Amino acid sequence: MAALNRLSQRIIENFQETTRDLSLLTGSNPSSTPYDLSDDRLKEISKLLESRIERERLEGMKRIIAGISKGRDMESFFAQVVKNVVSQSIEIRKLVYIYLLRFASTNSDLLLLSINTFQKDLSDPSPLIRSMSLRVLTSIRVPVIQGIVMLGLKKLVTDRNPWVRKTVAGGLAKVYEMDPSSAPQLVSLLQTLLSSPSPLTLGVTLTAFIEICPERLDLLHPYYRHIIKLLVDADEWGQSVALGVLTRYARTMLEQPPNSGSTDPSTIQTQPPTANGDGNSKEAEESEDEFTGIDEDLAMLLHFIKPLFQSRNPAVVLATANAYYHLAPSSHKIIGQGLLVKPILRLAGISNDERLGREQISALTWDVIASMVEERPWLFAKYHQSFYLYSSDSTSIQKSKLRALVALVNKDNAQVSMREFKHFVRLPEAGTAEEAVRAIGYAVRTQPEVAASGLKSLMKLLKSQRDILVAQAVIVLKSVILSSTSSLSLASMPSPQKLVAKLAKQLDGITNHKARASIYWLVGQFAACDPSRESEKKGLGWEGVELWVPDILRKGIKGFANESAQSKLQIITLAMKLLVLSPSCNQLNLMSGYLFSLARYDEDYDVRDRARFLHALLKGVRDEKPNNTSTSTDQEDGQGEDEKEEDRGGVVLRREQVKVVILGKRAIGDGTSQENYQGNEYQVGSMSRIIGKKLNGYEEIPEWTDDPTDSSLRDSEFENLQPPTPLPAPTPTYPIPPNSSQAVGVVRQGISPVGSSPAGSYPRTHTPSLGTNTAIAAPKGKFRDLDAFLNSESESGDESEESDSDHSPPAPRAVTAPPRSAIVPEYDEDTSEEETDDDGSESESESQDEHDERAALYR
Amino acid sequence: MARIDGIIILDPNGKPLISSHFPLHPPSYPSLHIDTFNSARKKAIADDEELDPVIWVNTLSRGGGSMSGAGLCHVEREGLYFLVPVGQEVNPLFAFSFLDSFLDTLKDYLGEITEINIKDNFDIIYMLIEEMLDEGHPMTMETNMLKEIVLPPTLMRKLLNVAGVSGLQAPTTQPFTAPIPWRRPGVRHSSNEIYFDIEESIDAIIDKRGNILSSSVWGRINCNSRLSGNPDLLLNFSNPKVLDECAFHPCIRYNKWEKNRILSFIPPDGKFRLLEYQAVPPTTGNVKNQLPLGVKANLVIEPNGGRFSVTLSSRLNSRPLEDIVISIHLGKGATSVSATAQGDRKPLGSRSEEGAAEGYVAGGNWEFDPHTQILKWKLSSLVSTERSPTLTGSFVSSESQPTPSPAFETSFNIQHHSFSNLRVDQLKVQGDVMYKPFKGVRQLARSGKVEVRW
């Protein structure tokens with residue numbers, strides 16, 4: 001057979017060689033593929049579709065699809081296309097399906113003609129046809145046929161072919177989206193699928209789970225171990241979904257392992273330091289004790305997903321790393337967080353090769369790694385070298401690596417880090433070089449031993465030709481100077497006054513506005529001269545002010561007109577500060593007088609305002625007579641600043657007071673390294689974190705539960721349970737697992753503390769399904785366990801109240817008992833309450849406790 | 001969750017060629033993304049910057065919240081742009097992983113991914129997208145499986161179509177019945193052969209004095225399998241310990257690897273990537289041995305220019321280094337370069353004519369492109385016995401203080417070499433096969449990112 005194939009291949013090739021000039025092979029004209037769509041070709045479509053020759057109909061369909069992709073309106077062919085649904089050719093049928101899916105919702109009447117065909121195909125012997133027709137059925141979003149669709153799903157959910165079951169799983173979410181009230185039926189189908197022994201369906205089933213009932217983690221109890229065992233063999237796309245679900249499950253249902261999260265194992269002395277792979281020390285330990293203190297189900301999860309680190313699919317590797325990051329104990333030989341480091345670094349490194357075309361994967365991975373390093377630097381400390389920047393790295397990779405390197409700076413690698421940062425400053429990419437300057441500043445501030453060399457290179461940067469770097473260096477120096485005055489640890493550094501003087505010396509060469517403004521500000525701040533050193537000036541200069549300072553002011557005033565508004569403001573402030581320090585100096589008074597009149601007619605209103613304001617503030621100083629009229633008590637510190645303007649003339653500050661106001665420690669935003677890097681509130685390893693904006697469906701991973709569920713819940717392997725008939729044993733009631741009222745609290749805890757939207761939206765978005773659920777469940781529960789029932793009833797009441805009050809101000813007193821008791825399904829309360837909320841939003845003063853209490857009483 | 005919105009393919013001018021269905025979004029949704037992408041690209045070109053791998057698109061779509069939007073993941077291939085909008089929170093690499101395997105499949109189907117190929121086969125691409133994505137959820141991604149459902153555009157089919165016999169559609173086997181997702185049943189080849197390409201690349205940073213600051217060796221084994229039936233393969237390495245961090249094709253049995261360090265697998269048919277690995281870092285003394293090229297580089301900046309010198313040496317005795325290229329970006333404003341390259345040998349004869357025009361000397365060719373400001377020094381080969389070739393010279397820049405890149409980039413190839421010394425020991429074929437296949441192993445070592453600071 002194979003030989004025959006090759007032979008025919010050979011013949012065809014031969015044939016093609018000899019008939020090339022006939023241009024038969026590519027249709028009538030080689031240049032006109034179906035994709036090229038002129039108007040007359042468009043007109044032929046109808047004719048082609050009606051043709052009796054299959055090939056022509058195919059050509060017609062191709063032209064239609066081409067039209068769609070070019071944005072033409074192809075809806076008018078709907079009737080003709082629908083007829084082709086019965087075509088024998090799979091290829092035509094597929095194109096028809098593509099077409100139908102696009103226009104089904106607007107042509108439901110015509111579409112109903114074809115439903116019969118699809119329904120019949122559900123029993124076709126070929127699994128391909130079965131799954132294809134089911135897919136189309138579920139994708140047609142027409143309410144009328146939902147009953148048929150549901151029947152189809154129920155029929156195929158027990159299909160022998162896993163690929164067909166996969167399609168069923170994919171269809172569940174679509175049906176739910178059309179008709180949320182079908183949730184109970186869908187959930188039971190979901191459970192049937194969860195118990196499927198084939199790993200093929202796992203991923204899709206869990207995807208459906210997330211879309212239908214993401215908060216019903218309690219449903220997974222009996223399948224938890226089953227899922228974990230299948231996971232390794234599931235398809236890659238399903239694995240990354242499943243890992244997400246299991247992470248949430250573990251957080252809400254399992255016991256938190258000791259030392260999880262961001263605790264550095266080296267700081268914890270309870271355990272011998274095994275973290276960094278010195279294997280021989282723990283040789284003696286028995287294998288049974290390896291997992292002591294760790295929830296066995298959690299250990300099982302972590303152990304079973306380890307192979308996924310070796311997946312070829314980057315998304316799976318990242319998902320596994322995420323799971324370890326959020327679940328694993330910080331130091332453990334077999335399932336510790338340390339395991340995630342090498343795979344994720346491998347992923348980032350190996351993808352960073354332009355010949356593979358996977359740079360984006362690398363860039364995003366580095367981004368995630370950088371976030372991880374920022375939170376848990378100790379994990380990656382050993383791999384410092386892997387973070388060095390290559391000049392051929394893309395900008396975003398360079399930035400991420402640099403972020404990580406900054407976070408990794410510690411005593412051991414201070415020297416090396418400094419060497420690297422200095423090198424990175426030389427990179428031509430402006431953004432990266434700037435970051436590197438900031439990184440130097442950070443190292444100078446935190447690592448005393450490299451402070452001197454870091455400062456030296458910062459000072460050297462001031463002479464650089466690269467404008468941005470000079471600016472950045474000044475700004476970084478400013479923050480270094482400020483932090484050096486506050487902390488005594490930096491003994492090795494020169495005094496701030498000296499640094500400022502050096503900076504000021506460079507003023508002429510610095511053109512960046514922000515940098516100049518910073519220098520003026522710094523000069524003013526450190527202008528004061530130690531009285532003891534007054535003698536060194538030998539009578540030169542102004543009293544109380546360093547020798548070099550007046551010249552800076554002179555330069556500032558001289559070039560005032562050409563300065564930016566930012567610098568102008570700082571020059572005025574500088575003059576002001578000097579006046580306060582040395583009020584008796586005549587030259588200064590003259591200069592500042594000149595400056596103030598310049599500023600008064602400046603084109604920038606901020607400058608004018610500031611000048612006027614400061615001028616007024618200085619009244620007391622200028623008058624030079626001790627003015628005791630001021631009510632000094634409430635005019636202390638910076639607080640007086642705002643009020644000054646209003647009561648002009650009324651209150652005049654004394655010189656000492658002005659001094660406090662003006663020279664108080666207030667840094668202008670100094671945009672240094674650390675502050676910039678942090679402040680991203682989204683979870684590490686989420687898309688929202690990378691974009692920096694919240695995407696739909698983003699949810700925090702829940703905190704660890706305080707009250708883990710009993711592992712016996714998971715003991716019941718699904719095989720031991722009753723066969724998954726419709727509405728099987730794990731009741732579809734909202735969170736009451738049979739005979740364990742304990743779990744109730746757990747589920748709730750998992751969900752309620754989550755940030756704003758999930759908590760608020762939980763009862764609301766799922767109102768219909770859950771409402772009916774509880775309505776069904778309530779009578780059932782009564783017969784089972786009255787206590788559990790009562791507990792859950794009051795608790796879930798609290799829950800709805802809580803989440804509601806999280807969201808909106810506490811309900812006003814206006815809520816009265818009668819309507820409450822009248823309403824039976826508890827979730828309806830939400831809406832009724834909200835309405836009254838809006839009505840009486842005035843009375844927000846009522847305390848929440850009281851509100852909750854009342855709510856409980858009403859039950 | 002775990003869903004992308006769809007996929008869009010743009011031509012080099014930013015016009016859409018293919019745009020999958022976006023069932024959950026208004027019709028304007030794809031155009032919104034295309035517009036945002038095009039304007040971001042224009043801006044990036046104008047500012048001479050790189051595009052972020054994910055672009056934020058404000059779609060103001062439904063779903064509550066005033067600031068709803070999507071992240072637009074994009075990849076460029078052969079001048080075409082492939083966009084995947086992601087409107088919901090999802091694993092950050094999900095979209096790119098999907099694109100990666102989508103592009104692999106496309107390549108498998110079309111050969112080369114070009115605009116013409118895409119236009120010619122757009123119906124197949126639509127069908128492929130339809131099979132791969134079910135409303136944004138990846139469905140069937142295995143190429144082998146897809147080939148049963150969507151037939152690739154072979155010559156045979158074209159011919160039959162023209163002849164009007166399109167009824168001959170039915171594939172030889174029933175789709176969706178294969179027990180192994182990555183291999184279809186009943187594969188037959190007249191000659192049974194399997195080839196392994198072991199390709200390693202090295203990343204390294206070398207400082208001024210020639211010390212290696214950081215290095216890592218990455219490897220991948222690409223496989224081309226043309227075996228009939230269901231062969232079960234056992235691949236042994238003589239030194240499996242050098243494989244440190246691996247990423248396996250799903251066909252590899254993880255447990256066997258963990259236990260015996262043997263690769264046991266039933267391969268997919270055709271080309272596939274069997275394994276990716278990071279080699280074990282050498283012990284401190286041997287770091288230099290792993291990188292076979294020694295480079296000493298120096299560059300001094302002077303007003304309006306600078307001087308440089310580069311010296312090369314090979315540490316590899318057994319084989320020559322080939323296609324060596326040393327390049328450096330001399331910074332904005334660099335206008336001209338004069339340099340001399342010295343070496344033992346004349347470059348291989350055939351090149352003499354081309355090289356004669358510019359900088360042709362015994363130690364290879366150098367060239368300077370004033371548009372990109374990149375200086376390149378190329379040598380066709382280098383062996384350890386010859387005298388070290390050097391390039392010395394100076395450059396002129398219009399800027400008073402030029403800012404050249406702080407490192408020389410280096411690239412080279414070595415045939416039949418492995419940085420990590422990985423060796424295939426033997427390949428055993430088991431399973432229900434009666435033949436003895438032809439086995440081929442080829443090794444190539446090349447540079448990844450190797451840079452020398454000055």
Side-chain angles (χ1 to χ4, degrees), chain A residues 2-3 6 12 24-25 33 35 54-55 62 65 69 89-91 94 98 101-102 127-128 161 163 170 207 210 237 240-241 307 310 312-315 318-319 342-343 346 349-350 353 360-361 363-364 385 388 390-392 394-396 426-428 465 686-688 690-691 693 695-698, chain B residues 1-2 18-19 21 50 52-54 56 63 68 71 75 86-94 96-97 119-120 122-123 126-127 130 134 137-138 155-156 158-159 161-162 164 166 169 175-176 188 190 205 214 216 218 245-249 254 276 278 331 401 403 405-407 409 448-449 451:
Chain A
R6 282 175 73 85
I12 291 157
L24 186 94
L25 291 166
T33 62
Y35 195 83
E54 210 158 67
R55 180 165 61 89
K62 280 190 185 175
I65 302 293
S69 71
S89 154
I90 291 186
E91 202 170 2
K94 275 214 189 106
I98 295 174
L101 293 182
R102 225 169 250 222
L128 179 66
N161 190 302
W163 294 94
T207 310
I210 292 178
W237 310 95
S240 74
V241 176
Q310 260 77 53
R312 65 164 172 179
N313 188 318
L318 182 64
K342 273 165 85 175
R346 188 249 314 150
I350 203 166
D353 187 333
Q360 289 87 359
I361 289 178
L364 293 196
Q385 289 184 347
Y388 295 170
Y390 288 87
S391 50
S392 50
S394 74
T395 321
S396 59
R426 289 160 58 198
L427 288 168
Q465 291 281 315
S686 66
M687 193 68 169
S688 299
I690 283 172
I691 307 181
K693 298 212 169 66
L695 285 171
N696 281 340
Y698 171 79
Chain B
M1 269 253 241
I18 299 241
S19 158
H21 189 26
E50 288 165 30
D52 278 336
V54 184
W56 166 253
S68 73
V75 161
V86 179
Q88 278 186 315
E89 174 59 41
V90 70
N91 182 320
L93 293 181
F94 201 78
F96 285 113
S97 299
K119 280 187 174 170
D120 280 351
F122 74 95
D123 52 325
Y126 268 110
M127 285 194 274
E130 200 62 26
D134 178 23
H137 302 295
L155 197 69
M156 171 80 129
K158 268 191 187 166
L159 188 73
N161 273 346
V162 171
S166 69
Q169 271 286 330
F176 278 176
R188 274 170 186 271
S190 51
I205 301 177
S214 157
S216 27
W218 314 106
E245 262 304 316
C246 303
F248 299 120
H249 190 277
Y254 181 77
E276 280 187 324
Q278 175 172 14
Q401 202 181 14
T403 48
S405 164
E409 279 163 40
K449 293 172 185 287
E451 65 175 44

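These numbers were taken from a predicted model, which means no experiment stands behind them.
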Inset, instruction - Just give me the residue among B:D52, B:T403, B:L93 that pairs up with chain A most often, heavy atom to heavy atom, under 4.5 Å. - result: B:L93

Legend entry - Test item: B:Q278 and A:I350 side chains (from C-beta on) under 4.5 Å apart, heavy atoms: no

Legend entry - Among B:P53, B:A407, B:C246, residue most engaged with chain A (heavy-atom pairs, under 4.5 Å): B:C246

Inset, instruction - Count the heavy-atom pairs under 4.5 Å between each of B:S214, B:S19, B:G71 and chain A, then report the option with the highest count. - result: B:S214

Inset, instruction - Let me know if B:V54 has heavy atoms under 4.5 Å from chain A in its side chain, its backbone, both or neither. - result: side chain

Legend entry - Any B:D123 side-chain heavy atom under 4.5 Å of A:I65 side chain: no

Inset, instruction - For chain A, find which of B:G331, B:G87, B:G448, B:S216 contributes the most heavy-atom pairs closer than 4.5 angstrom. - result: B:G87

Inset, instruction - Please flag which part of B:Y254 lies under 4.5 Å from any non-hydrogen atom of chain A: side chain, backbone, both or neither. - result: side chain

Legend entry - Whether B:E451 side chain and A:S391 backbone form a donor-acceptor pair below 3.5 Å: yes

Inset, instruction - Could you look at A:S240 and say if it's the side chain, the backbone, both or neither that has a heavy atom under 4.5 Å from chain B? - result: side chain

Inset, instruction - For the residue pair B:P138 and B:F94, establish whether any side-chain heavy-atom pair is separated by less than 4.5 Å. - result: yes

Legend entry - Counterpart residues, side chain to side chain contact (heavy atoms under 4.5 Å, CB included), relative to B:D134 (two or more places apart): A:R135, A:K174, B:M139

Inset, instruction - Quick one: which of A:G170, A:S394, A:A363 has the most heavy-atom pairs under 4.5 Å with chain B, could you say? - result: A:S394

Inset, instruction - Measure from the side-chain N and O atoms of B:E245 to the backbone N and O of A:R346, and report whether any donor-acceptor pair falls under 3.5 Å. - result: no

Inset, instruction - Could you tell me which portion of B:E130 (side chain, backbone, both or neither) has an atom closer than 4.5 angstrom to a non-hydrogen atom of chain A? - result: both

Legend entry - Side chain B:N91, main chain A:A315, donor-acceptor under 3.5 Å: yes

Legend entry - Engaged part of A:A319 at the chain B interface, taking heavy atoms whose separation is under 4.5 Å: both

